[in-house]
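All values derive from a computational prediction rather than experimental measurement. Per chain, numbering begins at 1; letters A, B, ... match sequence-line order.
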Amino acid sequence: MAPPKLTDYERKRLENIRRNNEMMAALNVQSKASQLSNITKVVTKSYNVKSEKKPKTETPIVIRRSLRTRGIPPDSKGLDLYANSDSNAVTHNSPNKNDDFVQTLGPIPMKDAYKGVDDSDRSFIESLVRISDKEFSEEELNGHAKKMKIECSLELESLSLDPENIARVVPGRITQMGFCPSNDVKMVVAGNKFGDIGFWNVGQNEIFLYHPHQAPISGILFQPHCLSKIYTSCYDGLVRLMDAEKEIFDMVYNSDACIYALSQPKNEANCLYFAEGSGGLTVWDNRIGKSSSHWDLHESRINTIDFNPESPHIVATSSSDATACTWDLRFIGGGATKHTTLRTFTHKRSVQSAYFSPSGCSLATTSLDNTIGIYSGVNLEDQTSVYHDNHTGRWISTFRAIWGWDNSYLFIGNMKRGVDVVSTVQRATVKTLQSPHISAIPCRFYAHPYEVGMLAGATSGGQVYIWTSS
DNA sequence: GCGTTTCTTATACAT
DNA sequence: ATGTATCCAGAAACGC
């Protein structure tokens with residue numbers, strides 16, 4: 001049933017499949033599972049700058065499983081992701097174009113995931129370990145918090161975008177971003193839809209790119225007391241822990257379902273909370289090395305999980321079921337009974353985010369019904385709705401209003417390449433940050449946890465823009 | 001409750 | 001400056 005005429009796209013794909021088959025034949029690959037991982041490695045290396053070498057992991061665990069169950073398109077995007085990261089790389093080079101793709105479980109050495117020239121990330125890894133050696137005392141962290149509360153008054157007019165604070169950190173669309181929670185080293189980390197993680201050392205203007213995942217990155221989490229450890233979650237169903245000391249992306253959790261969000265209460269480094277599958281919230285306990293709870297909290301996927309900074313047992317979830325909810329983790333309970341929320345915030349369309357303000361007194365939701373919900377009061381009973389066009393379409397990640405450094409402002413992207421600043425007091429958009437240097441729509445944002453006025457915005461083209469307050 | 005279809009849309013690269 | 005290939009997200013509406 002060959003079509004009478006192939007499109008360029010189809011021709012290119014068939015050509016790539018043929019080339020891969022040749023490559024495999026040349027390598028005399030057998031059909032053992034342990035060697036399937038070598039195939040993926042070879043495919044990976046086919047465009048890498050790195051020299052060919054055998055993976056060091058002895059007999060890596062390899063699984064095959066359905067793409068459909070994990071939200072990855074059937075046409076083998078899983079492997080395609082490798083190729084997409086290079087502008088001239090072949091596309092659609094997957095050898096198996098059906099329902100399965102090959103995925104390596106277990107730890108991935110950082111040098112295998114690294115996409116730059118061999119060993120050129122040495123200084124980066126060492127610097128991560130070095131800054132992480134600096135112990136953070138509880139006092140010191142509280143000091144930060146106190147300082148924040150005093151100095152939080154931000155002059156909006158002082159925010160500016162220095163052309164030096166722009167970089168393409170990853171190829172393709174950024175889905176998640178963060179700042180390294182350090183005063184000394186200004187570093188941005190960004191995850192993209194291909195499963196890449198990019199680090200941008202802003203001061204040194206260096207970028208380091210790794211490929212630990214196979215699908216869009218949904219969460220990036222520095223361990224606050226140990227900056228050399230970074231958790232990542234992904235639509236590929238995996239949670240990994242990048243450990244710069246061990247120089248690996250370790251495997252923490254492996255699900256058949258997508259992981260849509262990742263979070264952690266600040267007082268509980270041993271537990272991870274992530275959004276799994278359609279409405280599930282899973283608690284992972286590092287001390288026992290397995291999940292301690294799994295609750296079905298929503299009718300549809302959970303898009304964000306956010307802990308109240310003042311009451312770590314209070315958590316807010318936002319969901320595509322058109323609600324955001326607050327929960328008390330002490331009373332969520334087990335069993336098949338319907339879990340009771342502290343409060344349910346309803347929208348007309350899916351809710352893309354629900355974040356607590358820095359003081360924990362307010363909650364802000366962003367929904368595809370084109371509103372930003374702002375809730376305050378003792379039980380978050382005072383409700384305000386601010387209109388905001390949240391329609392992004394196919395190529396732009398959904399907008400999410402984030403809090404700045406106090407309870408007064410929210411920041412959210414708009415389709416005109418600007419950043420709308422919403423005042424919670426005036427209940428309206430009061431300013432739009434714009435710059436001729438912005439060449440794409442900033443859709444995901446992150447406020448530096450310690451540096452008031454340092455705001456990073458990420459685009460569909462992999463760029464990160466950092467506004468600073470002079 | 002599920003699968004299918006439709007619709008929205010920007011970016012980067014080549015010319 | 002303009003055209004074009006990407007593409008396969010995510011949601012909603014519809015049908016069963």
Side-chain angles (χ1 to χ4, degrees), chain A residues 6-13 15-16 66-94 97-99 101 166-176 190-195 214-218 234-236 257-261 275 277-280 296 298-304 318-323 347-353 366-371 389-400 413-418 437-444 457-465:
Chain A
L6 293 176
T7 65
D8 283 353
Y9 171 91
E10 288 162 334
R11 219 176 9 249
K12 216 192 299 176
R13 199 177 66 132
E15 168 67 12
N16 288 328
S66 170
L67 292 166
R68 254 200 294 265
T69 54
R70 16 181 70 218
I72 300 168
D75 206 12
S76 284
K77 275 297 168 202
L79 285 172
D80 208 20
L81 305 174
Y82 287 108
N84 267 313
S85 305
D86 186 304
S87 58
N88 288 322
V90 289
T91 52
H92 298 274
N93 61 349
S94 163
K97 69 187 204 70
N98 291 319
D99 264 357
F101 73 104
I166 299 173
R168 191 181 301 266
V169 180
V170 289
R173 193 169 98 208
I174 293 176
T175 51
Q176 198 67 220
N192 68 4
K193 59 175 290 193
F194 304 130
Q214 308 263 30
I217 303 290
S218 56
C234 179
Y235 282 27
D236 66 10
C258 289
I259 309 284
Y260 292 112
S278 179
D296 282 316
H298 283 274
E299 301 290 313
S300 185
R301 53 183 275 186
I302 292 172
N303 294 309
T304 57
S318 66
S319 167
S320 294
D321 69 6
T323 67
H347 277 271
K348 293 193 179 71
R349 299 269 193 274
S350 87
V351 188
Q352 289 299 323
S353 63
T366 307
S367 168
L368 291 191
D369 68 6
N370 284 341
T371 62
D389 184 358
N390 295 327
H391 214 75
T392 50
R394 184 177 177 179
W395 293 295
I396 311 295
S397 293
T398 48
F399 293 145
R400 295 171 172 179
N414 68 33
M415 292 300 271
K416 291 173 183 157
R417 299 182 174 179
H437 303 299
I438 300 186
S439 62
I441 293 167
C443 49
R444 292 290 159 94
T459 73
S460 270
Q463 301 100 332
V464 173
Y465 299 88

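With rounding to whole Å, A:Lys193 atom NZ is found 13 Å from B:dA12 atom C1'. Distance, A:Asn370 CG to C:dG10 P: 18 Å, rounded to whole Å. Summarising the geometry, the separation between CD1 on A:Ile438 and C1' on B:dA12 is reported as 18 Å, rounded to the nearest angstrom. Atom CZ in A:Arg173 sits about 12 Å away from atom C1' in B:dT11, given to the nearest Å.
Looking at heavy-atom distances under 4.0 Å, A:Gln463 makes contact with sugar-phosphate atoms alone, never a base.
Judged by distance alone, the side chain of A:Arg400 and the main-chain N or O of A:Thr366 form no donor-acceptor pair under 3.5 Å.
Interatomic distance, A:Arg349 CZ to A:Leu368 CG, rounded to the nearest 0.5 Å: 8.5 Å.
Applying the side-chain hydrogen bond (donor to acceptor under 3.5 Å, both in side chains) criterion to A:Ser278, with sequence neighbours excluded, gives no partner residue. Taking the side-chain hydrogen bond (donor to acceptor under 3.5 Å, both in side chains) definition, one finds that A:Ser350 meets it with A:Gln352, sequence neighbours left out. With sequence neighbours left out, A:Thr392 forms a side-chain hydrogen bond (donor to acceptor under 3.5 Å, both in side chains) with no residue at all. Applying the side-chain hydrogen bond (donor to acceptor under 3.5 Å, both in side chains) test to A:Arg444 and every residue at least two apart in sequence or in another chain returns A:Thr398.
The side chain of A:Arg168 contributes an N or O atom lying less than 4.0 Å from OP1 or OP2 of B:dA12. The phosphate of C:dC8 has neither OP1 nor OP2 within less than 4.0 Å of any side-chain N or O from A:Tyr235.
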Give each protein N/O atom lying under 3.5 Å from an N/O atom of nucleotides 11-14 of chain C, with the pair distance.
residue : atom : partner  : partner atom : Å
C:dA11  : OP1  : A:Ser320 : OG           : 3.1
C:dA11  : OP1  : A:Ser350 : OG           : 3.4
C:dA11  : OP1  : A:Gln352 : NE2          : 2.9

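Remark: the A:Ser353 side chain and the A:Ser318 side chain contain no N/O donor-acceptor pair separated by less than 3.5 Å. Counting only N and O atoms by type, the side chains of A:Ser320 and A:Asn303 include a donor and acceptor under 3.5 Å apart.
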With the sugar-phosphate defined as primed atoms, P, OP1 and OP2, and the base as all remaining atoms, what B/S/- string results for nucleotides 5-10 of chain B, 5' to 3', for protein heavy atoms under 4.0 Å?
---BBB

